[in-house]
Each structure stands twice: as structure tokens, then as C-alpha cells.
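I have a structure here, written as C-alpha cells, and I will follow up with some questions on it.
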Amino acid sequence: MLQKPRGTRDFLPDEMEARRHVERKLREVARCYGYREVCTPEFEDLELFTMRSGEGIIDEMYVFEDKGGRKLALRPEITAAVIRMYINEAKVAPKPLRWCYFADCFRYERPQKGRYRQFWQFGVELIGADTAAADAETIMLASDMLNATGVTYELKVGHLSFMKNLVKDLDPAMQRRVRAHLDKKDYDGLNATLASLDRMDLADSLTALVTTRDLAEAFEIAGAIPEKERFEQTIGSLDASGVKYSLNFGIARGLDYYTGMVFEGFAENLGAENQILGGGTYRLAHLFGGDDVASCGFAIGFDRVMVSLGDILPALVPVVGIACTEEGRTRAIEVAKALRTAGIRTEMDLMERGLGAQLAHAAKTANFAIVIGQREAESGQVTLKNLTTAEQKTVDLAAAVAEVRAFGPG
RNA sequence: GCCGGGGUGGGGUAGUUGGUCAUCCUAGAGGAUUGUGGAUCCUCCGACCCGGGUUCGAAUCUCGGCCCCGGCCCCA
């Protein structure tokens, strides 16, 4: 038997309904903030991703050559594509641009809990607004979106300038190494690196910086930060909005193009792969030949949110199973059409079963049964049976439709 | 790429000192029951991840691969 490719998943109807339910929640919050959906190609020129992230990521992508000899890659993330799209199509659109996307990405990695080779991201990009208000809005949106899903999480907000200011005298490669140590809380490694550079004077302040959760203290440790005022304003807006977060100046994010504010979200019950959100301010457009526009965005790891939420019940929507006899079949088709026109999920027998078997099937798959036999076909009424209460009555079709629609939130 | 644990009908399982038609539950189809359902009974459908090796004989032992789960690395 054929197996599905490693790291991919099949989704049965129950799970798809749960996923769509959470997806709708995310979309709704993004919509209320004014973010409109965009869509980019599933695959792009390989160069788009290597320009953004370096040649090293080729090993972790699905790379292929098409019949014209083009080097292409399945997208491992969406931000680069969105910025390319902005440069190609929307450079002159009125700023700021508020865009969002929900799309699948592909990475060639070892699967484990919460990590798959095909996975979905819900992300937003705010393009062309280079202000504290923009930074704050992005975090508020992230917070509201995660809240809407019902996931339990912790939001950490930081700023790269603090750490950068402390290590600005080191050469760039060493800066990256120090950042990596701090990101992993690898203090032994940090000390070893600093000792090899004869810069143990930095050890205490760096450790203190990534440990502190206090803004004033962080400024004290890191010294004069050009973005001081903006970050204070961002934090002020967050406090005013009631967003729950903690400060963390150890957030390094992997890539160099992040410029200032950064934030990450973590779920509690996910094990090793517990990051469900990551984002910050960045400048990427100039890499692709565009203007040096400032952007701010984040992506939510949709699959990890779903794993963290566990089994959630699908939305309660009414389902009607129609049971009919041979004499009632024509009338049953009319009744089904009326129910469907009213937006009600309606299923008829396709197995040529007897009335009793049709009802037995409906009892397993529906909330209501409507019986149409000779009597109903002649009278024009329908027999509506509530399969939960076993209550049954013969009423006009309109009354039956109204009663079914009154069931549940649907 | 590395370490550990796994893989038996659609789902869940029994079965390893190698030995007749591989166990049970559940789900599915049909019937008892051609105007009233989830009960009960009967029937049917359906599996040893793949390949090599050892053997008279492999679900069981062995090797390799594939896939799943957890962790490492990485995480844009």
C-alpha cells in the first residue's frame, strides 16, 4: 500500500472542520484590524529564499528544477514572497499596507511533534509604517488572534538593539555567535566565546540583559539605544491595550534582517517545538531590488496551535437526514431542495434502504430526520423527528425548516 | 544527519522456546424487520509496513529500507 510522503498528513472531515473553525477565528480578527488576504505562488525562484536566508537553507528546502531548467523551491515561508509581491505589484499603493495570508509551506526537516514537512502558517505583514504605533498594532493583533483561537500561550516581546549595542565592538561573525549562545541560554558557551575574545567584561551585562524583565533596567544595562523613545512608546501602547506579555531581551530571531522590535509566542503543552508565533520589524525589500521600506509582521504556526488545542468539537450545525418510501421519493426531493435552499445540510438515502434502516443511519449521522412517505406526499406536510429527543410531529415544510434552523448556532 | 521506542483488517488489539484455516472489540455492508432509529442475534467484508537472509516452515529470529512517536541538531 502506498504511504503518504514523510512528514505530511491526511485530514479527515472532523479534523478539517476543527481546522476551518480555528482558521475562521484568525481571519476574523485580521479582518477587523484591516488586514486583507493575499496569495503568492506555492513555489518561487530558489534565489528568493537564498537571498533572504542564505545558501545554507537549500538543504532544508524542497528544491527542484523545472523542464525549462529553472531552479525553483517550494516556499519554506511566506514573508519573502509577500515582499517580492509588494515590489512587483504594489510599490505605489497607499501606505501602510495591511496584508495577511493563510498558506502551506514546505521544509525538508526531520518530523517530530508539531513539526511537519508540509505545514500551514497564518501570517500578517504591515508594510510601510515605521512607527511605534505600527509595532504595537502588530503585537496587539498577534495577541488578539491567539486569544481568538483559545490557545494557552505566553508572549515575549524584545528588541534587538539592546543586545546589539552591547556587542557592537565585536566583529559581525562573533556578534552572531554571541547572539546564538544567548538565544539558547547557553551561558557556558557564551563565557567560552567571550573568554576567547578576551571580552569577559561583557559576560555580566549580557547575562543580566537576557535575564531582566524590566524595561528601565534593560536600558540601564544596554546603555544609549537610538530607538529608546520608540520602544518605550510601543510598550506604553501595549500596556494601554491590555495585551499580556513579558519583556525578554534574549530573543534573537535567527536572521539578520530583523531590525528592532521582535516578539515570540510559546504554547505550554507542546514539548520541544513549542513556539507558535514569531515576528518583528524587518527590512527585506531592498534585498529584492525594491525600496528600503520598513515592515513589521509575524506568522502563526497554525498546526502547532491545533496540536496545542487538542481535540476540539466541531461547530454544532444541524444536519437533516431524509427518510422516504418509494411513494414519497419525488416529494422528498422537493423537500430536500427546500432545506438546502435554506442553507441546511440535508442528506438523502443513496443505498435503497428501507425506512427503518434509513432512520437508523440518520440516527448516527444527523440531528433530525424528516420522513416522507405516501401520507406526507399526499398531504404536503412533513414528519419531522428530533433524533436527540425522539420527539416527532407532522407539520408544514416551512415550520420544519424553521425548527431545524433554530437548532444550534448555525 | 544523530539517539531511543514502535509498525498485525478503517480504528483499537491478542499472539514471539518459530508450527494447523491469525484472536477479540469496534467500524462498514447485508439480513432477521418494504411507515419509524442507536438494543439483540446472524452473515459478510477486511490485516501481519516493504525487501533480502536463516529454516522443512517466519507475524515471531536476523539484516537493510520505509513510515510513525519522542528527543538532539536546526528552526527562516
Side-chain angles (χ1 to χ4, degrees), chain A residues 1-10 12 14 48-61 73 75-83 105-117 119 121 123 180 183-184 186 251-258 262 264 266 270-280 282 284 287 297-299 301 304 307 321-329 332 349-378 382-394:
Chain A
M1 190 160 65
L2 279 177
Q3 291 174 319
K4 60 188 180 295
R6 184 178 167 97
T8 62
R9 291 157 294 160
D10 293 322
L12 289 164
D14 280 350
L48 177 70
F49 303 114
T50 54
M51 278 163 73
R52 178 195 189 218
S53 309
E55 298 287 324
I57 62 160
I58 291 178
D59 288 341
E60 287 155 48
M61 284 196 294
R75 59 187 175 201
E77 51 95 29
I78 314 277
T79 299
V82 168
I83 296 303
C105 303
F106 303 85
R107 295 184 189 176
Y108 195 84
E109 296 185 295
R110 180 82 161 77
Q112 58 193 69
K113 185 174 188 182
R115 176 190 280 185
Y116 310 97
R117 289 185 170 182
F119 59 98
Q121 287 193 335
D183 198 40
K184 274 178 251 173
D186 174 17
I251 300 174
R253 303 295 297 156
L255 292 180
D256 291 334
Y257 63 77
Y258 281 101
V262 288
E264 297 180 335
F266 299 88
L270 281 182
E273 300 292 325
N274 66 341
Q275 188 179 338
I276 56 171
L277 174 145
Y282 63 90
L284 200 50
L287 283 180
F298 64 85
R304 291 185 186 173
V307 171
I322 292 196
C324 67
T325 64
E326 204 43 52
E327 305 79 51
R329 177 158 292 276
D349 173 60
L350 304 175
M351 307 287 276
E352 300 184 340
R353 285 193 256 239
L355 196 61
Q358 289 183 53
L359 279 160
H361 183 256
K364 284 180 239 175
T365 58
N367 314 100
F368 294 91
I370 285 181
V371 180
I372 309 289
Q374 188 162 16
R375 293 202 292 271
E376 287 82 0
E378 285 166 4
V382 301
T383 297
L384 176 69
K385 182 160 191 158
N386 182 321
L387 291 164
T388 311
T389 62
E391 189 187 336
Q392 177 173 322
K393 54 191 162 189
T394 299

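Chain letters run A, B, ... following the sequence lines, proteins first and then strands; every chain starts at 1.
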- Query: Quick one: is Arg353(A) getting a side-chain N or O under 4.0 Å of the A29(B) phosphate, OP1 or OP2?
  - Reply: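 True: Arg353(A) side-chain N/O within range (under 4.0 Å) of A29(B) OP1/OP2.
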- Query: Hey, mind stepping through Val307(A) and Lys113(A) against side-chain contact (heavy atoms from CB on, under 4.5 Å) and telling me if it holds?
  - Reply: CA-CA 9 Å; Val307(A) 171; Lys113(A) 185 174 188 182; 4.1 Å; yes
- Interatomic distance, Ile370(A) CD1 vs G37(B) C1' [rounded to whole Å]: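 Atom-to-atom, Ile370(A) to G37(B), this comes out as 15 Å.
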- Taking the nucleotide of RNA chain B with the closest heavy atom to each, which residue, Leu359(A) or Ile57(A), is nearer the 5' end? Leu359(A)
- Task: Give a yes or no on whether a donor-acceptor pair under 3.5 Å exists between the nucleobase atoms of G37(B), that is its base, and the side chain of Lys385(A).
- Result: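 Between G37(B) and Lys385(A), which were checked side chain against base, a qualifying N/O pair under 3.5 Å is present.
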- Message: Counting distance alone, no hydrogens or angles: does the base of C75(B) have a donor or acceptor under 3.5 Å from a partner atom on the side chain of Arg110(A)?
- Response: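 Donor-acceptor pair under 3.5 Å: no.
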- In whole Å, what is the span from the NZ atom of Lys113(A) to the P atom of C72(B)?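 Going from NZ in Lys113(A) over to P in C72(B) covers 12 Å.
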- Taking atom C1' of A76(B) as reference, at what distance in whole Å does atom CD1 of Ile58(A) sit?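 In whole Å, A76(B) C1' and Ile58(A) CD1 are 14 Å from each other.
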- Whom does G4(B) pair with, Watson-Crick or G-U wobble, provided both distances fall under 3.5 Å? C69(B)
- Measure the spacing between CG of Leu384(A) and CD of Glu391(A) and express it to the nearest 0.5 Å. 8.5 Å
- Message: With rounding to the closest Å, how many angstrom separate the P atoms on G11(B) and C74(B)?
- Response: 36 Å
- Message: Suppose we define a pair by two distances each less than 3.5 Å, Watson-Crick or G-U wobble; what does U36(B) pair with here?
- Response: none
- Item | Side-chain donor/acceptor of Arg107(A) to backbone N/O of Glu60(A), under 3.5 Å |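 It does not hold such a pair.
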- Query: Who is the Watson-Crick or G-U wobble partner of C41(B), with both distances under 3.5 Å?
  - Reply: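 Base partner found: G31(B).
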- Against the side chain of Gln112(A), the closest entry in C73(B), U36(B), G37(B) is C73(B)
- Taking atom C1' in both C42(B) and G6(B), what distance in whole Å separates the two?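 It works out to 38 Å between them.
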- Message: Between G35(B) and Glu376(A), counting only base atoms on the nucleotide and side-chain atoms on the residue, is there a donor-acceptor pair under 3.5 Å?
- Response: yes
- Query: Quantified in whole Å, what is the P atom distance between nucleotide U54(B) and nucleotide C69(B)?
  - Reply: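 It works out to 35 Å between them.
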- Item | Pairing partner of U60(B) (Watson-Crick or G-U wobble, both distances under 3.5 Å) |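 Pairing partner, where one exists within any strand: none, as none qualifies.
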- Under-4.0 Å side-chain N/O to phosphate OP1/OP2 contact, Arg6(A) with C68(B): yes
- Item | Atom pair distance, as rounded to whole Å: NE2 in His361(A) and C1' in G28(B) |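 Checked: the NE2 to C1' distance equals 10 Å.
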- Message: Distance check, P atoms only: A22(B) and A47(B), in whole angstrom units.
- Response: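 Result for the P pair: 11 Å, nearest Å.
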- OG1 on Thr50(A) to CD1 on Ile57(A), rounded to 0.5 Å: 6.5 Å
- Item | Pro76(A) side chain, from C-beta outward: closest of A76(B), G35(B), G28(B) |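 Among A76(B), G35(B), G28(B), the one nearest the side chain of Pro76(A) is A76(B).
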- Message: Please classify the nucleic acid contact of Ala360(A) as base, sugar-phosphate, or nothing, using heavy-atom distances under 4.0 Å.
- Response: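 Since only primed, P, OP1 and OP2 atoms lie under 4.0 Å of Ala360(A), the category is sugar-phosphate.
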- Do Arg117(A) and Tyr108(A) meet the cation-pi criteria used here (NZ or CZ under 6.0 Å from the six-membered ring centre, within 45° of the axis)? yes
- Query: Contact class for Glu326(A) (heavy atom, under 4.0 Å): base, sugar-phosphate, or nothing?
  - Reply: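 Contact class for Glu326(A): none.
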- Message: Please report the distance separating the P of A27(B) from the corresponding atom of G18(B), rounded so that it comes out in whole Å.
- Response: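 Going atom to atom, P in each nucleotide, I get 37 Å.
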- Query: Could you state the CD-P distance from Gln275(A) to C74(B), rounded to the nearest angstrom?
  - Reply: 14 Å
- For G46(B), what is the paired nucleotide under Watson-Crick or G-U wobble rules, both distances under 3.5 Å? none
- Query: Rounded to the nearest Å, what distance is computed from the CG atom of residue Leu284(A) to the P atom of nucleotide A76(B)?
  - Reply: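 Going from CG in Leu284(A) over to P in A76(B) covers 14 Å.
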- Query: Quick one: Asp186(A) CG to C72(B) C1', roughly how many Å, whole number?
  - Reply: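 Interatomic distance, CG of Asp186(A) to C1' of C72(B): 14 Å.
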- Report the base-pairing partner of A76(B) (Watson-Crick or G-U wobble, both distances below 3.5 angstrom), or none.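 Its partner: none found.
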- Considering only U36(B), A29(B), C68(B), which nucleotide approaches the side chain of Thr383(A) most closely?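 Closest of the options to the side chain of Thr383(A): U36(B).
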- On a whole-Å scale, what distance lies between the P atoms belonging to U23(B) and U16(B)? 15 Å
- Item | Given G35(B), A29(B), G37(B), the nucleotide with the shortest approach to the side chain of Ala390(A) |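 For the Ala390(A) side chain, the nearest candidate turns out to be G37(B).
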- Query: Ignoring hydrogens and geometry, is there a side-chain-to-backbone donor-acceptor pair from Gln358(A) to Cys324(A) under 3.5 Å?
  - Reply: yes
- For Gly354(A), answer base if it contacts any base atom (sugar-phosphate contacts may also be present), sugar-phosphate if it contacts only those atoms, and nothing otherwise; contact means non-hydrogen atoms under 4.0 Å. nothing
- Message: Between Asn367(A) and Leu387(A), is the side-chain contact (heavy atoms from CB on, under 4.5 Å) condition met? List the steps.
- Response: CA-CA 5 Å; Asn367(A) 314 100; Leu387(A) 291 164; 5.9 Å; no
- Given the C1' atoms of G12(B) and C2(B), what is the spacing between them in whole Å?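 Comparing C1' positions in G12(B) and C2(B) gives a spacing of 33 Å.
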- Item | First encountered from the 5' end of RNA chain B, between Gly7(A) and Arg304(A) | Gly7(A)
- Within this structure, what is the CG-to-P distance between Leu350(A) and A29(B), rounded to whole angstrom? 12 Å
- Item | Candidates Leu277(A), Leu270(A), Asn274(A) - the one meeting side-chain contact (heavy atoms from CB on, under 4.5 Å) with Arg304(A) | Leu270(A)
- Against the side chain of Glu60(A), the closest entry in C67(B), G38(B), C74(B) is C74(B)
- Measure from the side chain of Leu387(A), starting at C-beta and using heavy atoms only, and say which of G30(B), U36(B), G37(B) lies closest.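 In terms of side-chain proximity for Leu387(A), the closest of G30(B), U36(B), G37(B) is G37(B).
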- Separation of the C1' atoms in C21(B) and G46(B), to the nearest angstrom: 16 Å
- Does Gln392(A) get its side chain close enough to the base of U36(B), under 3.5 Å, for a donor-acceptor pair? yes
